[in-house]
Undergrad: 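First the structure, which I've put down as structure tokens, then a few questions once you've had a look.
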There are 2 protein chains.
Amino acid sequence: MALRLIDADGVEALTMRKLATALNANPMSLYHHVPNKDAVLQGVARTVGAQFRTATREDAAWQDRIRQLAEDFRTLAHRHPELMTYSFARPDFIQPEDPFWLGLTAVLEDAGVPEAETPQVAAPVCAAVLGVLIAEVNGALHQWSALLPTGDGDGGRADTGPDDSRMFRLALEMIIAGLDSRLTSERIGRDSSDSS
Amino acid sequence: MALRLIDADGVEALTMRKLATALNANPMSLYHHVPNKDAVLQGVARTVGAQFRTATREDAAWQDRIRQLAEDFRTLAHRHPELMTYSFARPDFIQPEDPFWLGLTAVLEDAGVPEAETPQVAAPVCAAVLGVLIAEVNGALHQWSALLPTGDGDGGRADTGPDDSRMFRLALEMIIAGLDSRLTSERIGRDSSDSS
DNA sequence: ACCTGAACACCGTTCAAGT
DNA sequence: ACCTGAACACCGTTCAAGT
């Protein structure tokens, strides 16, 4: 219910009193099930962060599997844009047990990242993807890119959606390419074929 | 003054009434200089976003100039961590006239990005860097990476700082490598040597 | 055990009134 | 023109009291 209110009116409009009346309850009854407001926000953030289940097919190339993870997360972000910008400010948004995190680390390991380094590589990747997602969802991406009108013919304001998709995908490809170059350069540096 | 209060106690602790008393003024006097609270937050966010002046030496390689821009932004973020996590949620944090944005677009153009595409490339780069910065500053980066203790000898909790630096730099190098691969693949695709 | 009304200590903001 | 006190419509949360 809290999530529904947030999706409708934004995080800052969520109020213990409103939540209670939306639940047909007395405002004070909430405090019997939850210690305070931050706990409900944390609950919502974590629930959504853990929500999406992304079954990456293990036969695909790691690049494709990362693309799939990122796209899945993007549709989640588009479903809850108001929560997204708020959640990313919390350090506990994504938990180590979340399917997104598990999927990402699994893919990176399959791609050849040494197991001991996986979290240290996954963390920046996750942060970068989330950063682009937030910037897309709150309009920053669109505003930054809208300095020069790309075409000349049209009205000039209509196509906000597809342009954002292109930029998100560009960022994603950049990250994948960066990951790739890091992996190959490392493999050259060592050149010992550790299978498993 | 608002910035000082935010740095001390966080954005959510900033109050018109507290700000006024910190200014030795009546709470209501503020409304003669500012329409509402959001305006002071916007003012603070934009002021800080426009603050840092980064004189990239034009003789350096574009990779080094991007590194310098990013590192400068990082020191800014470390100076105002509380504001940072809040500001990034605003679409108006970084403005097209800000030195960071101008510097970034200038470097990308020098690197060979066609002038018409510069903003569409700069925007994702900016978003990704900011994303990593936020995740570092709010502790998410550290939390995500702390799943496996990297070493075995020590206490295991002491070295938070240097590890974060390594991850930030890793993300930065990934972005640069991704940019690089995009530039070279494009140059091969066209192969017409447009000077200027 | 669970719910509730009243109350406390705050908010942002308006507005009529002061100088 | 600028400042101010009182007031309004809200908050989150506590707590004693109800069932």
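Not measured: the values here are computed from a predicted model. Throughout, a chain's letter reflects where its sequence line sits, starting with A, and its residues are numbered from 1.
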Undergrad: Identify, residue by residue, the members of residues 19-30 of chain B with a heavy atom below 4.0 Å from DNA chain D, and return them in order of residue number, or none.
TA: B:Asn26, B:Met28, B:Ser29

Undergrad: If I take atom CG from residue B:Leu83 and atom CZ from residue B:Arg90, how far apart are they, to the nearest 0.5 angstrom?
TA: 10.0 Å

Undergrad: Are any of the side-chain nitrogens in B:Asp7 or B:Arg4 under 4.0 Å away from the carboxylate oxygens of its partner?
TA: no

Undergrad: For B:Glu109, what residues pass the salt bridge (charged side-chain N to carboxylate O under 4.0 Å, His left out) criterion, not counting sequence neighbours?
TA: none

Undergrad: Would you please enumerate the stems DNA chain C participates in, each stem being three or more consecutive Watson-Crick or G-U wobble pairs with both distances under 3.5 Å?
TA: C:4-8 with D:12-16, C:12-16 with D:4-8

Undergrad: Find the distance B:Leu5:CG to C:dC11:C1' and express it as a whole number of Å.
TA: 16 Å

Undergrad: Distance check needed: C:dC10 P versus B:Lys18 NZ, whole Å only.
TA: 9 Å

Undergrad: Would you kindly say whether B:His142 and B:Glu136 are connected by a side-chain donor-acceptor distance under 3.5 Å?
TA: no

Undergrad: Just the rounded figure in Å: distance from P of D:dT13 to CG of A:Asn36.
TA: 5 Å

Undergrad: If you draw a 6.0 Å radius around CD in B:Glu58, do more than 12 non-hydrogen atoms from other residues or ligands fall strictly inside?
TA: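 No, because the 6.0 Å sphere around CD of B:Glu58 holds 12 heavy atoms or fewer from other groups.
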
Undergrad: Can you tell me the distance, in whole Å, between the CG atom of A:Asp38 and the P atom of D:dG12?
TA: 12 Å

Undergrad: Send over the distance from B:Glu12 CD to D:dG12 C1', rounded to a whole Å.
TA: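 Rounded to the whole Å, the gap is 14 Å.
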
Undergrad: Which residue lies toward the 5' end of DNA chain C, A:His33 or B:Arg17, if each is placed at its nearest nucleotide?
TA: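 The residue whose closest nucleotide sits nearer the 5' end is A:His33.
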
Undergrad: Is any side-chain N of the basic residue among B:Glu117 and B:Arg182 closer than 4.0 Å to the acidic one's carboxylate O?
TA: yes

Undergrad: Mind checking the CG-NZ spacing from A:Leu5 to A:Lys18? Nearest 0.5 Å is all I need.
TA: 8.5 Å

Undergrad: Report the residues that fulfil salt bridge (charged side-chain N to carboxylate O under 4.0 Å, His left out) with B:Arg46, sequence neighbours left out, ordered by chain and then residue number.
TA: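 Per chain and number, B:Arg46 pairs via salt bridge (charged side-chain N to carboxylate O under 4.0 Å, His left out) with B:Asp92.
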
Undergrad: Take the protein atom NZ of B:Lys37 and the nucleotide atom C1' of C:dC10, then report the distance between them rounded to whole Å.
TA: 12 Å

Undergrad: With sequence neighbours left out, which residue pairs that include part of residues 17-44 of chain B fulfil the ring pair (Phe, Tyr, Trp, His ring centres under 6.0 Å) condition?
TA: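 Sorted result for residues 17-44 of chain B: empty, none.
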
Undergrad: Is the centre of the B:Phe93 ring less than 6.0 Å from the centre of the B:Phe88 ring?
TA: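 Ring centres of B:Phe88 and B:Phe93 not closer than 6.0 Å.
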
Undergrad: For a quick check under 3.5 Å, do A:Arg74 and A:Ser165 share a side-chain donor-acceptor pair by atom type?
TA: yes

Undergrad: What is the distance from OH of B:Tyr31 to P of D:dG5, rounded to the nearest Å?
TA: 16 Å

Undergrad: So which protein nitrogen or oxygen atoms get under 3.5 Å of nucleotides 16-19 of chain D's nitrogens or oxygens?
TA:
none

